[in-house]
Amino acid sequence: MMGFSWKLFYLFGILFWGFSQRWRTVESNGGSFSCGYPAIYNFGDSNSDTGGISAAMFEILSPNGETFFGHPAGRACDGRLIIDFIAENLKLPYLSAYLDSVGTNFRHGANFATGGSSIRPPGYSPFNLWVQISQFIQFKARTTSLYNQLTLNRRNPLTISNLPRPAEFSQALYTIDIGQNDLAHGFQYTTVKQVLASIPDIIGQLPKVIHTLYNEGARFFWVHNTGPIGCLPVSVLYEMSKPWNLDKNGCVRLQNEVAMEFNRQLKDMISQLRAQLPFARFTYVDVYSAKYTLVSDAKNLGFVEAVNFCCGNCTKKGMANGTVYGNPCNHPSKHISWDGIHYSQAANMWVAERILNGSFSDPPLSIQSACHNQTTIL
């Protein structure tokens with residue numbers, strides 16, 4: 001019996017040592033343990049698309065990408081998006097778009113977001129959220145099969161260097177940033193009242209999506225709410241002749257009220273999911289408040305007025321009545337809006353710096369600690 005007890009003690013010691021090693025080297029400066037995510041899997045629209053729609057539908061041309069990449073990089077922006085700053089913060093490579101067949105590397109995740117996507121059809125893109133989830137499921141199954149096959153056959157390790165590790169799907173961070181196009185499409189083709197009435201069904205799709213990902217092994221979710229769509233220049237310009245429709249910061253009041261209702265229901269849904277999936281970790285990120293703060297204080301923060309955008313009709317260049325269009329402004333970093341719809345790199349960086357430290361999150365944890373909940377630190 002004594003020998004058996006020592007064997008058990010030794011076995012538990014080994015297990016505890018192994019578990020501690022999982023977290024040993026990832027202590028953050030604040031004293032709490034960082035999650036050390038090995039990968040990111042992102043779902044969304046053009047706010048986080050790193051090349052999907054450009055590869056699949058129409059190429060995103062210069063001057064997009066000029067500020068940081070020096071060339072078009074599949075992003076509707078002069079440089080980096082918030083998802084790029086998330087990758088940088090977690091010390092991971094920028095995400096390759098799932099739909100891009102050239103030069104991709106999926107070792108540390110994949111990006112299923114595509115410009116124009118919505119949670120549910122109809123929308124501006126065929127790649128709605130359910131299509132993205134189907135793509136992920138197929139991606140996971142095929143890469144896992146290929147990885148196991150190549151490993152079993154002891155092929156050249158270079159052949160698996162771009163593949164995700166099957167065990168890491170359950171350790172990865174799953175980021176979701178989508179919903180703006182559901183509202184925008186509704187505003188364009190229906191009434192505000194109808195858009196409000198559609199929100200419960202739109203939000204109702206997300207628990208099914210989350211449960212599907214959970215069944216595929218996902219455990220850590222970082223969910224952005226939708227931004228102040230009424231502050232986008234493309235929205236404001238349509239209402240400039242009706243100043244009574246604008247708030248004190250020049251944003252379209254009714255559109256932002258709809259966005260806030262969307263976010264209220266989204267937050268309630270996340271709370272319900274926490275109860276349904278106690279082994280998952282959900283972070284609700286109030287991107288709306290971060291972006292509205294930026295718009296509200298644009299001048300004091302070194303930006304021009306939020307209604308001014310840097311590059312009109314940025315995907316096309318030409319001349320009309322002697323005027324060249326498609327050329328960007330001289331100082332993109334002074335603009336919140338890049339093209340009237342999408343934020344500039346400077347604005348994305350400002351927002352990212354504030355959401356990644358947990359200042360706008362529920363629970364109020366940084367992204368590096370988001371695998372923990374409010375009461376239990378593993």
Side-chain angles (χ1 to χ4, degrees), residues 39-42 44-56 58-100 102-116 173 175 177 180 222 224 227 232-233 285 287 290-291 294-295 298 301-304 306 308-317 326-357 367-368:
I40 304 168
Y41 293 98
N42 181 65
D45 52 32
S46 58
N47 289 312
S48 60
D49 180 2
T50 56
I53 205 69
S54 185
F58 51 85
E59 184 180 5
I60 293 180
L61 302 172
S62 176
N64 290 284
E66 66 169 19
T67 297
F68 182 77
F69 300 100
H71 55 80
R75 295 153 173 81
C77 180
D78 62 307
R80 290 164 290 179
L81 309 176
I82 290 176
I83 189 65
D84 295 313
F85 292 112
I86 288 176
E88 287 183 6
N89 184 279
L90 299 178
K91 296 179 171 55
L92 294 173
Y94 298 135
L95 293 181
S96 291
Y98 168 77
L99 292 173
D100 194 353
V102 179
T104 50
N105 188 331
F106 300 120
R107 172 63 185 87
H108 295 286
N111 193 353
F112 298 87
T114 55
L173 181 66
T175 54
D177 186 342
Q180 178 176 307
W222 179 268
H224 290 186
L232 298 178
V285 186
V287 172
K291 288 183 174 179
L294 173 60
V295 169
L301 294 170
F303 293 91
V304 300
N308 295 323
F309 50 95
C310 180
C311 190
N313 203 7
C314 260
T315 59
K316 297 179 181 178
K317 283 192 177 182
N327 287 325
C329 61
N330 292 326
H331 303 288
S333 63
K334 297 295 183 183
H335 288 74
I336 291 174
S337 179
W338 166 239
D339 58 8
I341 298 175
H342 306 99
Y343 284 67
S344 67
Q345 172 179 269
N348 286 328
M349 180 184 294
W350 191 94
V351 172
E353 288 173 350
R354 281 145 187 85
I355 65 173
L356 297 182
N357 66 11
I367 194 168
Q368 295 193 14

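Treat the numbers as computed from the prediction; the structure is a model and nothing was measured. Position 1 is the first residue of the sequence; numbering continues from there.
Here the side chain of D78 pairs no donor or acceptor atom with the backbone of G65 at under 3.5 angstrom. Using a distance-only test at 3.5 Å, with no hydrogens or angles considered, a donor-acceptor pair links the side chain of S54 to the main chain of I60. No donor-acceptor distance shorter than 3.5 angstrom exists from the side chain of S344 to the backbone of S333, with no hydrogens or angles considered. N111 places a side-chain N or O within donor-acceptor distance of the main-chain N or O of S48, the cut-off being under 3.5 Å. Between the side chain of T67 and the backbone N or O of G79, no donor-acceptor pair lies under 3.5 Å.
Of the inter-residue distances, the one linking L173 atom CG with L90 atom CG reads 6.5 Å to the nearest 0.5 angstrom. How far CD1 of I367 is from CG of L356: 5.0 Å, rounded to the nearest 0.5 Å. Distance check: I341 CD1 to F309 CZ gives 9.0 Å after rounding to the nearest 0.5 Å. Note that CD of Q180 is 6.0 Å distant from CG of D45, once rounded to the nearest 0.5 Å. Atom CD1 of I53 and atom CG of L99 lie 7.5 Å apart (nearest 0.5 Å). The distance from atom CG of L95 to atom CG of D100, rounded to the nearest 0.5 Å, is 12.5 Å.
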Apply the test side chain to side chain contact (heavy atoms under 4.5 Å, CB included) to residues F303 and L294: give CA-CA distance (whole Å), side-chain angles for both, the deciding distance (0.1 Å), then the verdict. CA-CA 9 Å; F303 293 91; L294 173 60; 3.6 Å; yes

Show your working on side chain to side chain contact (heavy atoms under 4.5 Å, CB included) between I82 and I355 and close with a plain yes or no. CA-CA 10 Å; I82 290 176; I355 65 173; 4.0 Å; yes

- Task: Tell me, with the steps shown, if Q345 and F85 meet side chain to side chain contact (heavy atoms under 4.5 Å, CB included).
- Result: CA-CA 10 Å; Q345 172 179 269; F85 292 112; 4.2 Å; yes

Query raised in the report: Y98 and T50: side chain to side chain contact (heavy atoms under 4.5 Å, CB included), yes or no, with the steps?
Result: CA-CA 9 Å; Y98 168 77; T50 56; over 6 Å; no

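Between P93 and A87, the closest heavy-atom pair is O-CB, 3.6 Å. The minimum heavy-atom distance between G302 and K334, with the atom names listed, is O-CD, 3.4 Å. Contact detail for G51 and A97: the closest heavy-atom pair is C-CB, 3.5 Å. When all heavy atoms are compared, the tightest approach of H342 to A76 is CB-O, 3.2 Å. Between G103 and S96, the shortest heavy-atom contact is O-OG, 4.5 Å.
H224 meets the side-chain hydrogen bond (donor to acceptor under 3.5 Å, both in side chains) test with D177, W222; sequence neighbours excluded. Every residue was checked against the side-chain hydrogen bond (donor to acceptor under 3.5 Å, both in side chains) condition with D49, not counting sequence neighbours, and none meets it. Looking at residues two or more places apart in sequence or on another chain, you find a side-chain hydrogen bond (donor to acceptor under 3.5 Å, both in side chains) between R107 and E168.
Y94 places none of its side-chain heavy atoms less than 4.5 Å from the side chain of I40. No side-chain heavy atom of E59 sits under 4.5 Å from any side-chain heavy atom of P72. Considering only heavy atoms from C-beta on, W338 comes within 4.5 Å of C311 through its side chain. The side-chain heavy atoms of D84 and R75, taken from C-beta on, include a pair separated by under 4.5 Å.
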